[in-house]
**Student:** 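One structure follows; several queries about it will come next.
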Amino acid sequence: MAARNATLTAEAHDRRRLLMERSRPGRTGASLPASDVPEQPLPDASLLRDGLELPEVTEGEVVRYFTHLSQLNFSVDTHFYPLGSCTMKYNPRFNEAMAAVPGFASAHPAQPERQVQGAIEVMYRLQEYLREITGMAAASLAPLAGAQGELAGVLTIRAALDERGEGRRRKMLIPDTAHGTNPASAAMAGFYVVSIPSNAEGNIDLDALRKEADGELAGIMLTQPSTLGLFDRNAIEMCRIVHEAGGFVYGDGANMNALLGRVKLGHLGFDVVHLNLHKTFSTPHGGGGPGAGPICTNETLSPFLPGPVAIRRTLRGAQGEREAPMYGLELPPKSIGRIGGSAGNFGVLLRAFTYISLLGGQGMLDISGNAVLNANYLLVMLRELYDLPFDRRVMHEVVFSAKKRPGANALNVSKRLLDHGFHAPTMYFPLVVAEALMIEPTETESKETLDAFIEALTDIDAEAARDETFLANAPFDTPVSRLDETAAARHPQLRWRREG
Ligand SMILES: *Cc1c(COP(=O)(O)O)cnc(C)c1O
């Protein structure tokens, strides 16, 4: 660290100083008017500290310091962010403008329907959009994240099975490439999980599926396209096998940017699907929120949807006057109930509605076309350098393996990408690929950005070829290099302490 600091310019070094190190006695960033109220005695000395070490700095210094800190992070607004399965794409600013419209932004979830007709209409129309996009019968916007959508979705399956008197069906099949939330959601809903392997093409092994399709089967949770970025061509056949055995098919639609306007999961035979509005439909996300994970269901599962859902009433009074407001929020007849405190994460719903309205049908096709084109461009340009475990056309993302060169494992390559100004891809997932680098360029990146990324990965490969140990110390140009991630989680240093 000291050696590296020596190579920094004086200016860069100056910017690294902590706020406490900038402190000079007597310097101040505030000027208070003289007191015009009587002085009060201080509390008992036992309640007071002897001294409180606060930085003495000017306001300008504080602004510069925190602005600098805010720019040390990687974000989708500052860097290419190819984090597979997370869809870190450009979020149109127009969405933000809509989310800030006072009538929407200050609506309260407990307000009477009559006062928030516009907001409920937005929800109703979004439900219609999502039904159209998934080819399903009904939608609920209530779940507040993808994982919560999964839980709600598998609970509708459980409710339907219980109603049929088939409570013995408790086996949920989950492919070995699935996102970790899938087995967790199934277990929370009271199912036991059986893992289904992928075959050499990266599809789900149909024989393994057939073997498990018995009288215990509750269903399967399929991700289409899979987390390998692959479209499983056997989806229709898988749905048939599961349905014939008496089970339901759950679709993890967290990443729909490859299929928008082209494939409807309902038409393939899926019974219930969740969508991540914060990924596919452009709400800024990361760091745990905010999100929305609406679910869409076919006719059979719709009565069980979580609620409340937005409805449009056609009721009219005798004089032709409306008896009730046109739009309302209601629980479906056999609803699994509420899954959160309100009818949904409205700000996220509004952004998704804005995004879909703005782009329209042709825009949806452009999204999927460009998402697939960009991912395949990376595949073709990088396949000579990095191992491609499943050599097929991909959908919205491509999974390489970094195991080809000694010294170029997934972690090392990812760390070195930071020096090039790129956020790291998703690493070590899906689990079936050794040293996985899961790269999702998204549809909003230009060819120039992708070319710069390709060039960076080409340079990194050359570095690994020259010196097997070189990448193990990357990154070199970030404020800190390799961190002890376990210690950072277990013993975080959240405040400044004087050394020694
Ligand atoms: C992100 C993701 C989820 C979970 O969504 P959250 O909103 O993070 O809960 C589930 N499945 C897949 C495939 C995902 O990419």
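All values derive from a computational prediction rather than experimental measurement. Ligands are counted one by one from 1 in listed order, and the atoms in each one are counted from 1 as well.
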**Student:** Can you tell whether the side chains of Arg210 and Glu244 come within less than 4.0 Å, N to carboxylate O?
**Tutor:** no
**Student:** Look at the rings of Phe346 and Phe104 and say which category their plane angle falls in: under 30° parallel, 30 to 60° tilted, over 60° perpendicular.
**Tutor:**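 The rings of Phe346 and Phe104 sit tilted, inter-plane angle from 30° to 60°.
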**Student:** Kindly say whether Leu277 contributes a backbone atom to a donor-acceptor pair with the side chain of Thr280 at under 3.5 angstrom?
**Tutor:** no
**Student:** I'd like a table of the close N/O pairs between ligand 1 and the protein (anything under 3.5 Å), one pair per line with both atom names and the distance.
**Tutor:**
{"from": "ligand 1", "atom 1": "5 (O)", "to": "Asn276", "atom 2": "ND2", "distance (Å)": "3.0"}
{"from": "ligand 1", "atom 1": "7 (O)", "to": "Gly146", "atom 2": "N", "distance (Å)": "2.8"}
{"from": "ligand 1", "atom 1": "7 (O)", "to": "Asn276", "atom 2": "ND2", "distance (Å)": "3.3"}
{"from": "ligand 1", "atom 1": "7 (O)", "to": "His278", "atom 2": "NE2", "distance (Å)": "2.7"}
{"from": "ligand 1", "atom 1": "9 (O)", "to": "Gly146", "atom 2": "N", "distance (Å)": "3.4"}
{"from": "ligand 1", "atom 1": "9 (O)", "to": "Ala147", "atom 2": "N", "distance (Å)": "2.8"}
{"from": "ligand 1", "atom 1": "11 (N)", "to": "Asp252", "atom 2": "OD1", "distance (Å)": "3.3"}
{"from": "ligand 1", "atom 1": "11 (N)", "to": "Asp252", "atom 2": "OD2", "distance (Å)": "2.6"}
{"from": "ligand 1", "atom 1": "15 (O)", "to": "Ser85", "atom 2": "O", "distance (Å)": "3.0"}
{"from": "ligand 1", "atom 1": "15 (O)", "to": "Ser85", "atom 2": "OG", "distance (Å)": "2.7"}
{"from": "ligand 1", "atom 1": "15 (O)", "to": "Asn255", "atom 2": "OD1", "distance (Å)": "3.3"}
{"from": "ligand 1", "atom 1": "15 (O)", "to": "Lys279", "atom 2": "NZ", "distance (Å)": "2.7"}

**Student:** Under 4.0 Å between a side-chain nitrogen and a carboxylate oxygen: does that hold for Glu96 and Arg93?
**Tutor:** no
**Student:** Can you sort out the partners of Glu330 under salt bridge (Lys or Arg N to Asp or Glu O under 4.0 Å), two or more places apart, ordered by chain and number?
**Tutor:** Arg313
**Student:** Find the distance between CD (Glu440) and NZ (Lys89) and round it off to the nearest 0.5 Å.
**Tutor:**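 The NZ atom of Lys89 is 8.5 Å from CD of Glu440, to the nearest 0.5 Å.
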